[in-house]
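The next block holds one structure in the form of structure tokens; read it before the comments.
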Protein chains: 2
Amino acid sequence: MSVLTESPEMHTNILIVEDDMAIREMMAFSLKREGFDAIKAASGNEALEQLNQMHPDLIVVDWGLPDMSGIDLIDTIRRDDVIKEVPIIMLTARAEEHDKIKGLERGADDYLTKPASMLELMARIRAHLRRSKGFETSHKLSFHDIVMDASAHEVKVNELPVNLSLTEFKLLKLFLQNPNKLLAREHILNHVWGRNTVVEDRTVDVHVLRLRKALKPHERDKWIQTVRGIGYKLATF
Amino acid sequence: MSVLTESPEMHTNILIVEDDMAIREMMAFSLKREGFDAIKAASGNEALEQLNQMHPDLIVVDWGLPDMSGIDLIDTIRRDDVIKEVPIIMLTARAEEHDKIKGLERGADDYLTKPASMLELMARIRAHLRRSKGFETSHKLSFHDIVMDASAHEVKVNELPVNLSLTEFKLLKLFLQNPNKLLAREHILNHVWGRNTVVEDRTVDVHVLRLRKALKPHERDKWIQTVRGIGYKLATF
DNA sequence: CGTTACCATGACAATATCGTCACAAAAATC
DNA sequence: GATTTTTGTGACGATATTGTCATGGTAACG
């Protein structure tokens with residue numbers, strides 16, 4: 001099972017089959033944010049058309065589709081020799097236990113009830129991909145075109161790599177985890193250096209300076225803004 | 001009841017790790033009723049003892065155990081080369097989303113909140129077993145043109161054989177299992193040398209050096225990259 | 001406009017970390 | 001039993017990183 005025939009930086013395609021546009025777009029947005037490629041389908045037939053052209057790494061299926069039930073779609077997929085192995089997560093508004101069990105027995109690998117937390121959906125998607133692809137998919141933090149892959153310890157701005165020291169990396173990570181939020185010096189000290197380290201306040205300034213320098217060639221240094229008397233924040237202007 | 005019944009001659013062992021006797025017995029009862037063999041453990045250590053003697057097809061773990069958290073148990077299992085592939089379902093009274101995500105990210109395959117419906121639990125168990133049954137243990141690992149056949153103890157780069165010592169081999173294997181992932185020294189020590197061996201940190205460096213030397217004739221030595229302050233990673237640049 | 005508090009910046013020394021080599025012990029091979 | 005290979009460790013120089021300080025600049029405010 002642990003055959004790594006493809007390299008992990010290869011795009012991981014997730015097919016979303018969901019007729020509600022709002023939910024569909026939100027899921028696509030969340031997926032792209034995490035570094036996946038989201039393919040969208042608004043109906044069962046649209047999904048089948050997509051599946052003729054490409055083979056996603058995972059499928060998220062809504063139970064109630066306009067032209068067929070999600071169950072029917074799963075049946076069709078599981079009958080297709082080429083794609084029948086693909087992990088499928090069912091997503092539905094119905095909380096009825098009966099549906100869950102039916103979905104799981106008919107070939108779904110997982111079942112989530114709407115309104116589903118995007119975080120939980122992402123976690124479950126990663127768990128299934130871990131099984132089917134044999135390796136962990138990467139976690140990505142991003143703010144516009146600043147993208148950090150913490151597990152790979154890699155930062156890119158607009159696809160170009162940025163070289164950071166360990167402290168700078170941790171500092172940027174904190175900023176990315178709190179975009180548009182004002183971070184007090186003390187807060188930064190606690191989170192980057194740890195609660196019981198004795199470091200001068202000004203040290204934060206210096207490391208912010210160094211982080212800005214590293215981002216300067218990409219013209220992103222101005223995104224780390226000074227808030228006089230308090231600290232810094234990551235934001236566009 | 002279940003549409004898909006397991007054939008009786010095929011013993012499917014399910015390990016239940018749960019300290020609450022009532023729940024444990026109820027789960028064991030349900031499992032046996034469905035044709036599974038239920039093995040019971042009331043604590044984390046009891047579970048580990050069991051795992052020394054047998055390898056279950058699936059494990060159901062309660063989050064809160066008397067001697068360790070379910071998460072710790074999962075960590076231990078996922079570090080064991082022999083049983084690390086076993087599907088794990090977390091079961092817990094806590095409904096907090098944070099716990100769910102933590103469990104899934106740390107290696108659980110599924111997560112159920114108590115009080116869990118036995119029917120749903122059974123359905124999910126069957127869904128996971130359906131996946132893991134057709135589990136093939138091909139021992140081929142690769143990263144681009146670096147190919148390892150673990151069972152044959154053979155490594156080739158671009159079809160040309162590479163001679164490695166045992167430690168170098170295990171080290172490269174770890175890298176291939178975690179491509180593009182930053183591996184901390186401690187993590188490397190745990191996985192290549194074992195958890196209870198006493199070896200200096202710097203030993204890792206020396207073996208990385210030796211592995212690089214072995215890969216140098218093939219111009220792949222630069223793919224093992226140093227991340228100052230933490231460890232190493234296998235990645236292209 | 002002047003004062004004050006606050007910050008950006010560059011320089012610097014101390015430290016941490018890593019790559020490399022050499023060597024001895026242990027294990028494997030012949 | 002001799003030879004070769006493998007392995008872990010210490011040493012050392014090279015380099016990266018880090019924290020602090022001094023200085024000058026800038027925003028805030030009356």
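- For residues 160-169 of chain A, the set of pairs meeting the side-chain hydrogen bond (donor to acceptor under 3.5 Å, both in side chains) definition, not counting sequence neighbours, comprises S165(A)-E168(A).
- E25(A) pairs by the salt bridge (Lys or Arg N to Asp or Glu O under 4.0 Å) definition with K40(A), not counting sequence neighbours.
- By the 4.5 Å heavy-atom criterion applied to side chains, I14(B) and L129(B) are counted as neighbours.
- Direction of the helix axis in the helix from dC1(C)-dG30(D) to dC30(C)-dG1(D) shifts by 40° between the two five-pair termini, rounded to 10°.
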Review item, side-chain donor-acceptor pairs of residues 211-222 of chain A, under 3.5 Å, at least two apart:
from	atom 1	to	atom 2	distance (Å)
R212(A)	NE	I224(A)	O	3.1
R212(A)	NH2	I224(A)	O	2.8
R212(A)	NH2	T226(A)	OG1	2.8
R220(A)	NE	D145(A)	OD1	3.0
R220(A)	NE	D145(A)	OD2	3.4
R220(A)	NH2	D145(A)	OD2	2.9

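- Nearest-nucleotide positions on DNA chain D place T167(B) closer to the 5' end than the other of T167(B) and S165(A).
- Every residue two or more places apart in sequence or in another chain that forms a side-chain contact (heavy atoms from CB on, under 4.5 Å) with Q177(A) is listed here: L141(A), K173(A), L174(A).
- Take Q225(B) and apply the side-chain contact (heavy atoms from CB on, under 4.5 Å) test, not counting sequence neighbours, and it matches K233(B), A235(B), F237(B).
- Among residue pairs with one or both ends in residues 50-65 of chain B, those qualifying as salt bridge (Lys or Arg N to Asp or Glu O under 4.0 Å) are D62(B)-K114(B); sequence neighbours excluded.
- Applying the salt bridge (Lys or Arg N to Asp or Glu O under 4.0 Å) test to residues at least two apart or on different chains, the pairs with a partner in residues 183-194 of chain B are R185(B)-D205(B).
- Both E168(A) and V199(B) sit near DNA chain D, but only V199(B) has its closest nucleotide nearer the 5' end.
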Counting primed atoms, P, OP1 and OP2 as sugar-phosphate and everything else as base, the B/S/- map of nucleotides 17-30 of chain C against protein heavy atoms under 4.0 Å is BBBBSB--------

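- Evaluation of the side-chain hydrogen bond (donor to acceptor under 3.5 Å, both in side chains) test over residues 150-161 of chain A, restricted to residues two or more places apart or in two chains, returns D149(A)-S151(A).
- Reading DNA chain D from its 5' end, the first and the last nucleotide to sit under 4.0 Å from a heavy atom of chain B are dT6(D) to dT17(D).
- Residues meeting the ring pair (Phe, Tyr, Trp, His ring centres under 6.0 Å) test with H128(A), sequence neighbours left out: none.
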